[in-house]
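These notes are about the structure you will find just below.
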Amino acid sequence: MFKTGFDNNKYLQMQSQRIKERIGEFGGKLYLEFGGKLFDDYHASRVLPGFEPDSKLQMLMQLKDQAEIVIVISASDIENSKIRGDLGITYDIDVLRLISAFEERGLMVGSVVLTKYISTPKVHAFEQKLDDNGIAHYRHYIIDGYPSNISKIVSDEGYGKNDYIETTRSLVVITAPGPGSGKMATCLSQLYHENKRGIKAGYAKFETFPIWNIPLKHPVNIAYEAATADLSDVNMIDPWHLEAYGKTTVNYNRDVEIFPVLKATFDKIYGECPYKSPTDMGVNMAGNCIFDDEAVKDAANQEIIRRYYNACCANLRGQNKKDEIYTLELLMNNAGLSSENRLCTKVAEEIAQNTDAPAAAIELNNGEIITGKTSELLGCASSMLLNALKKLGNIDDSVLLIDPEVIKPIQELKINHLGNNNPRLHTDEVLIALSISAVTDKNAALALEQVSKLKNCEMHSSVLLSTVDENVLKQLGIRVTCTPVTKKKIIY
C-alpha cells in the first residue's frame with residue numbers, strides 16, 4: 001500500500017535556506033558537490049514517498065541567478081559504455097540529456113569535465129560531440145598515490161596538472177550522471193587552482209543518502225547501500241564527527257576515507273580546514289522532513305527487495321552481477337527481509353505454482369492485490385494490466401475490454417508478417433488495442449482513464465518479462481520485479 005511519509009515542500013524550503021547559509025559562510029565562491037542525481041532522482045522518490053524526482057532541481061531553481069552547473073563524467077565510464085539503470089542510457093548520452101534539460105529550465109551549464117582521463121577513440125568521439133555542440137570541456141587526470149600521497153596530490157604534479165575550469169558565478173554546482181564520477185576530486189582540484197589565482201573558494205556537499213540524522217540501520221540507509229551495491233559502498237558511523245562533537249551521525253565509507261584528503265587540502269591551501277568531519281561538509285535536510293517513519297520504512301524495504309530481484313534478473317540476462325547479488329542478499333538478511341515481505345511477489349509465485357504457468361500480481365495503492373494469468377491471447381502481465389484497470393474503474397470482471405476478434409488480427413500480423421514466435425499480446429499492444437476500443441466502447445474508455453492510478457503500484461511476475469513489457473510497465477510508474485526464471489534457452 002502506498003503512503004506518503006515525506007514533506008516535499010518543507011524539504012525545498014529547508015534545503016534552499018541551508019545552501020544559502022553555506023554560501024554566506026564562505027563569503028565568496030562555493031563549489032557545491034551534488035551527490036546522487038540532481039535531475040530525475042527516482043531512487044529518492046521511491047524510498048522517501050512524497051519526495052518529487054525533480055526536488056533538487058526545484059530547489060536549485062531558486063538559486064539559478066547565482067549558480068552555474070558543471071557536469072562531471074569519468075572517461076572510464078565512457079570507455080566502458082556504463083549504463084544509467086533507471087533510464088537505460090549510457091552515461092555519455094545522459095550528459096547531453098542533462099545539459100538540454102538544465103538549459104531548457106533556464107539554468108546555466110558552464111562546462112563538462114572528463115575525470116580519470118584516458119585517450120581512447122570513444123573518449124575522443126565524446127569530446128568531439130561536445131565541441132560540435134559548443135560545450136566547453138576539460139580534462140582531469142589520475143594522480144599516482146591518490147588519495148594517500150597528500151603532498152603530491154596538492155601540488156603542481158597533482159591537482160596542478162588538471163585543467164582549470166573556467167567559471168563565472170558564485171555558486172558552482174558539480175553534478176554527474178551517477179556515482180563514482182569524481183565530483184569531489186573535481187571540487188578539490190578547483191580549490192587548489194582558485195587559490196593559485198588568489199580567489200577564495202569554499203566547498204560543501206549536497207548528498208541525500210545516507211541520511212546523517214536517522215539510524216545507521218534504518219531501511220532508508222540500507223536501501224542506499226543496496227542502490228550502490230555495485231560500488232561496494234558501506235554506511236558507517238562518522239568517526240570524525242563522534243570524536244569532534246561526541247555525537248553519532250551516519251556517513252559512508254568513501255566520504256570517511258576521503259576526508260583526510262579534503263582536510264589536508266584545506267590545511268595546505270588555506271592553513272586550516274573549516275570542517276571537523278565529513279558530516280560537517282553536508283547540507284542535507286532530508287531527515288528533518290520525514291513525518292511518517294513507518295511509511296518511509298515500508299517504502300525503503302520494498303526498494304531493497306526490488307534491487308535484489310533486479311540484480312538477479314540482470315545476471316540471468318548475461319550481465320555479471322554475482323558479487324552484487326551476494327551483497328544484496330546480505331543486506332536483505334541484515335534487514336530481516338525476504339520475498340515474503342513483498343506481497344505481490346508471494347501471490348504471483350503461489351499462482352504460478354498452482355497453475356504451472358507464468359503469473360503476475362499487482363498491489364494497488366489501496367493495498368488490494370490483482371492478478372493475471374497466461375492465456376492464448378494475453379501474457380500474464382497484459383492480463384494483469386487489464387484486470388487492474390477493470391478494478392480501478394469498478395468494471396465487472398466478466399466484461400471484455402478488448403474483443404477477441406480485435407486481438408486475433410494483431411496476432412496474425414505478429415506471427416505471419418513480423419516474424420514473432422509468441423502470439424500473445426505484450427502490454428504496449430494491449431494498451432494500443434484498448435485505446436482503439438475506447439473509441440466505441442464506454443467500458444474500454446473508462447478503463448483507459450484509470451491508467452494514471454497505476455503509478456507507485458508494486459508488481460511482480462513469476463517469470464522474466466520481455467524488455468518491452470518491463471519498459472512499458474515502468475513508464476506507467478509501476479514498480480516491477482520478476483522472478484529470475486525463463487523457459488527460453490537464449491535471452492534476447
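All values reported here derive from a predicted model rather than from experimental measurement. Note that these values count all heavy atoms, side chains included, but never hydrogens, waters or copies made by symmetry.
For the pair Lys56 and Phe34, the cation-pi criterion (under 6.0 Å, within 45° of the ring axis) is not fulfilled.
In this structure, Leu448 and Leu389 have side chains that are not in contact, with every pair of non-hydrogen atoms separated by 4.5 Å or more. Under the 4.5 Å side-chain criterion, counting only non-hydrogen atoms from C-beta, Met14 is not in contact with Gln17. Between Leu385 and Leu476, some side-chain heavy-atom pair lies under the 4.5 Å cut-off. Contact annotation: the side chain of Arg254 approaches that of Leu231 to within less than 4.5 Å [non-hydrogen atoms, C-beta and beyond].
In this view, Arg169 satisfies the salt bridge (charged side-chain N to carboxylate O under 4.0 Å, His left out) rule with no residue, not counting sequence neighbours. A search for salt bridge (charged side-chain N to carboxylate O under 4.0 Å, His left out) contacts involving Lys116 returns nothing, not counting sequence neighbours. Partners of Glu294 under the salt bridge (charged side-chain N to carboxylate O under 4.0 Å, His left out) rule, at least two apart in sequence or in another chain, are Lys297.
When all heavy atoms are compared, the tightest approach of Ala295 to Pro49 is O-CG, 4.1 Å. Minimum heavy-atom separation, Pro210 to Val250: CB-CG1, 3.9 Å.
In this structure, Asp92 contributes its side chain and Phe126 its backbone to no donor-acceptor pair below 3.5 Å. Panel note: side chain Lys10, backbone Asn288; a donor-acceptor pair is recorded below 3.5 Å. Side-chain atoms of Asn443 do not come within 3.5 Å of backbone N or O of Leu401 as any donor-acceptor pair.
Note on residues 451-466: pairs passing salt bridge (Lys or Arg N to Asp or Glu O under 4.0 Å), not counting sequence neighbours, are Arg306-Glu458, Arg342-Glu458. Residues in residues 207-237 take part in these ring-ring contact (aromatic ring centres under 6.0 Å, His included) pairs, two or more places apart or across chains: His43-Phe209, Tyr224-Tyr252. The ring-ring contact (aromatic ring centres under 6.0 Å, His included) analysis of residues 456-486, with sequence neighbours excluded, yields the pairs Tyr309-His460.
We find the OG1-CG distance between Thr327 and Asp230 to be 9.5 Å, quoted to the nearest 0.5 Å. Atom CG of Leu331 is separated from atom CD1 of Ile222 by 7.0 Å, given to the nearest 0.5 angstrom.
Aromatic pair Tyr203/Tyr31: centroids not less than 6.0 angstrom apart.
The residues Asp298 and Lys3 are annotated as not salt-bridged, no charged nitrogen and carboxylate oxygen being separated by less than 4.0 angstrom.
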Requested in this report: Any chance you could lay out the side-chain hydrogen bond (donor to acceptor under 3.5 Å, both in side chains) test for Asp238 and Tyr245, step after step, and finish with the verdict?
Outcome: CA-CA 11 Å; Asp238 182 348; Tyr245 305 103; over 6 Å; no
